[in-house]
Amino acid sequence: MLATIKNISEFVGQEVRLGVWLHIKRSSGKIHFLQLRDGTGFIQGVVVKSEVSEETWNASKSLTQESSLYVTGIVRKDERSKIGYELNVTGIEIIQIAQEYPITKKEHGTDFLMDHRHLWIRSPRQRAILAIRGEIIRAIQEYLNQNGFTLVDPPILTPTSAEGTTNLFHTKYFEEDAYLSQSGQLYMEAAALALGRVYSFGPTFRAEKSKTRRHLIEFWMIEPEMAFVEHEENLQIQEEFVSHIVRSVLKNCKRELETLGRDVSKLEKVVAPFPRITYDNAIEFLQQEGFDIKWGEDFGAPHETALAEKFDKPVFITHFPTELKAFYMKPDPNRPEVVLAADLIAPEGYGEIIGGSQRIDDPELLEQRFKDHNLSMEAYKWYLDLRKYGSVPHSGFGLGLERTVAWICGIEHVRETIPFPRLLNRLYP
RNA sequence: UCCUCGUUAGCUCAGUCGGUAGAGCACUCGGCUGUUAACCGAGUUGUCGCAGGUUCGAGUCCUGCACGAGGAGCCA
């Protein structure tokens, strides 16, 4: 088995050789402390002058921040180390002495760090976030694959907008106009009627001038869609799904959560079932809290945060006014002025992480909705076809990956949850 | 698009009343055998965002613009 820092505990007492970069060096005369990283984690290498060759000592002395090297050393259990282990260095083979590294040990501003995002992702904190993002993606696929969902990829170049609400990125498709996908949902409905339970996992593009800690121009969404599933079951699947994701991160990313200083006791409470509150009750609650909001108005960020603070788990807000929501959402048969939809709001002010609904299955009602929203019947002919040929009740939802990562990691801004964020006014690097 | 704040050394910032540019870090050299943003001593570093204006004199005051941050709206 190949030794890495992640599995270094299996090599105690043995000599290992690792390909590493020097993160930071501290020296104290005749002893050097090398903070080494290999991508899987960080470990401290100790170089003692009296125990190594002059060549090794001089090599250690010459190492600059982010220099690359092969290091040989004996793995030793050590209580003084944060990870419990240290490397007693016996040999150093320099690969490259790095030039003066821009990101220093001292603090930096956001703009500087974002300009150096390609290097910033090497730092312990950023590495931990991206590792957790990877684990979240793994857990998402694991849950869906184990629960009968088939991965289906909707197109990214699309002829029209899916919901007609957001600003889309425009491009040319030879002589035609085309837009980057803002949601694969309508295509996933077609796929659900072909394969039963399906999900998509892909990038999404919104040309909105949004400039907040919760918004990216390019972000990743997971959109499951399920035939023969109605509103209530849709919510149950969502809460099981989110619980599974959180449980997986708690189990497999202990060290990363520790690096981030995340209060894991808050994550440990995230177990299904989740609390539910209707839109009606949410409005009532907000009015009692002194917010100036009336029935029929949408929630802003402060409203969502106030609602989330009531609970220590994510909370579903259900039965929104039909007027506020997308054209394809199914009205409650007992109360057509509200829809069978729910937003899942994460705790601690991270906002909406899931939006979902039961979809309209009646062809006549869907046609009426198209007329009400001034949508082109011609462009959506294929979508209306789904209701003509064996229409069934079906539901689905969309999980925003970066907001989920931000919440689980407990970090301020979604820009740190994706390797190379596309933000308003930032396309580099 | 709107509101607020900001832009001074490679980085993070200070700069009083308008009087001629400063600190810490980084880097270089030296010291230190358990360091944790290590520490101690010495050295190097400037188109004060850009364009105008007021003034004997502008980093400092005024106007415009650009860029960034936080928030709102929009949105997920």
Side-chain angles (χ1 to χ4, degrees), chain A residues 23-35 42-52 57 61-62 64-66 76 78-83 86 88 98-116 119-120 123-125 161-168 181-183 185 203-223 297-305 324-326 341 343-346 349-356 397-404 406-407 412-415 423-426 428:
Chain A
H23 176 56
I24 303 175
K25 178 170 70 179
R26 298 186 196 92
S27 72
S28 185
K30 296 183 178 62
I31 185 165
H32 292 160
F33 300 98
L34 312 177
Q35 309 304 321
F42 291 76
I43 194 169
Q44 174 160 278
V46 183
V47 190
V48 181
K49 191 178 183 184
S50 60
E51 294 172 9
V52 298
W57 178 254
K61 215 170 165 181
S62 74
T64 57
Q65 199 183 353
E66 288 303 317
R76 183 166 44 73
D78 196 311
E79 292 303 314
R80 291 168 292 189
S81 159
K82 277 176 189 163
I83 65 164
E86 275 190 350
N88 255 26
Q99 296 179 32
E100 193 177 324
Y101 192 64
I103 300 178
T104 65
K105 286 174 280 184
K106 285 281 177 171
E107 61 186 319
H108 297 284
T110 306
D111 195 39
F112 177 83
L113 289 170
M114 290 308 282
D115 279 340
H116 296 84
L119 303 176
W120 189 23
S123 69
R125 194 179 152 77
S161 99
E163 301 179 19
T165 52
T166 53
N167 293 313
L168 304 184
S181 171
Q182 59 143 348
S183 164
Q185 190 211 304
T204 302
F205 308 88
R206 305 274 166 102
E208 295 289 344
K209 303 255 181 191
S210 298
K211 202 184 149 196
T212 81
R213 68 182 63 171
R214 298 180 306 281
H215 289 88
L216 292 167
I217 302 301
E218 178 185 299
F219 65 101
W220 288 67
M221 229 180 4
I222 296 86
E223 295 182 277
E297 289 175 358
D298 208 352
F299 300 131
H303 304 124
E304 284 183 353
T305 302
L324 283 182
K325 290 291 184 179
D343 286 354
L344 185 65
I345 310 296
Y350 286 95
E352 182 186 341
I353 53 172
I354 287 182
F397 62 95
L399 172 81
L401 179 63
E402 285 75 17
R403 285 187 183 178
T404 304
W407 161 51
E412 270 295 297
H413 202 298
V414 289
R415 67 185 161 218
L423 299 161
L424 198 59
N425 306 323
R426 177 171 293 280
Y428 175 92

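Chain A is the first sequence line, chain B the second, and so forth, proteins listed ahead of strands; every chain is numbered from 1.
The backbone N or O of Y350(A) sits nowhere less than 3.5 Å from a side-chain atom of R403(A) that would complete a donor-acceptor pair.
With a cut-off of 3.5 Å on both pairing distances, the Watson-Crick and G-U wobble pairs of RNA chain B assemble into stems of 3 or more at B:1-7 with B:66-72, B:10-13 with B:22-25, B:27-31 with B:39-43, B:49-53 with B:61-65.
Put simply, NE2 on H303(A) is 11 Å from P on A72(B), counting in whole angstrom units. Atom P of nucleotide U8(B) and atom CG of D111(A) are separated by 11 Å, given to the nearest angstrom.
C61(B) and A42(B): their P atoms are spaced 35 Å apart (whole Å). For the C1' atoms, the distance linking U45(B) with A21(B) amounts to 12 Å, nearest Å. Using atom C1' as the reference point in both U7(B) and A76(B), the two lie 33 Å apart (nearest Å). Straight-line distance between the P atoms of G52(B) and U44(B): roughly 34 Å, to the nearest whole Å. Separation of the C1' atoms belonging to U1(B) and G59(B) is 32 Å when rounded to the nearest angstrom. Here, G64(B) and U54(B) have their C1' atoms 15 Å apart, quoted to the whole Å. Taking atom C1' in both G46(B) and U8(B), one finds a spacing of 8 Å when rounded to whole Å. Taking atom C1' on both U12(B) and G68(B), the two are 15 Å apart, rounded to the nearest angstrom.
The residue S27(A) sits close to a base: some heavy atom pair falls under 4.0 Å. Nucleic acid contact class of H23(A) (heavy atoms, under 4.0 Å, all strands): none. Here E402(A) lies out of heavy-atom contact (under 4.0 Å) with every strand. Backbone-only engagement by G109(A) is indicated by non-hydrogen atom pairs under 4.0 Å involving sugar-phosphate atoms exclusively. Residue-level contact check: E223(A) touches neither bases nor backbone, having no heavy atom under 4.0 Å from any strand. Residue K211(A) is classed as a base contact, given a heavy-atom separation below 4.0 Å to a base.
At a threshold of 4.5 Å between non-hydrogen side-chain atoms, the residues Q185(A) and M221(A) do not count as touching. Looking at H303(A) and I345(A), their side chains never come closer than 4.5 Å, going by heavy atoms from C-beta outward. Within the 4.5 Å cutoff, side-chain heavy atoms of L119(A) are placed close to those of P102(A).
Atoms CG and NE2, from L34(A) and H23(A) in turn, are 12.5 Å apart once rounded to the nearest 0.5 Å.
Using a 4.0 Å cut-off, no side-chain N or O of R415(A) falls inside it from OP1 or OP2 of G68(B). Not one side-chain nitrogen or oxygen of R80(A) sits closer than 4.0 Å to the OP1 or OP2 atom of G34(B).
Between I24(A) and H108(A), it is H108(A) whose nearest contact on RNA chain B lies nearer the 5' terminus.
In this view, E297(A) and K294(A) satisfy the salt bridge (Lys or Arg N to Asp or Glu O under 4.0 Å) rule, not counting sequence neighbours.
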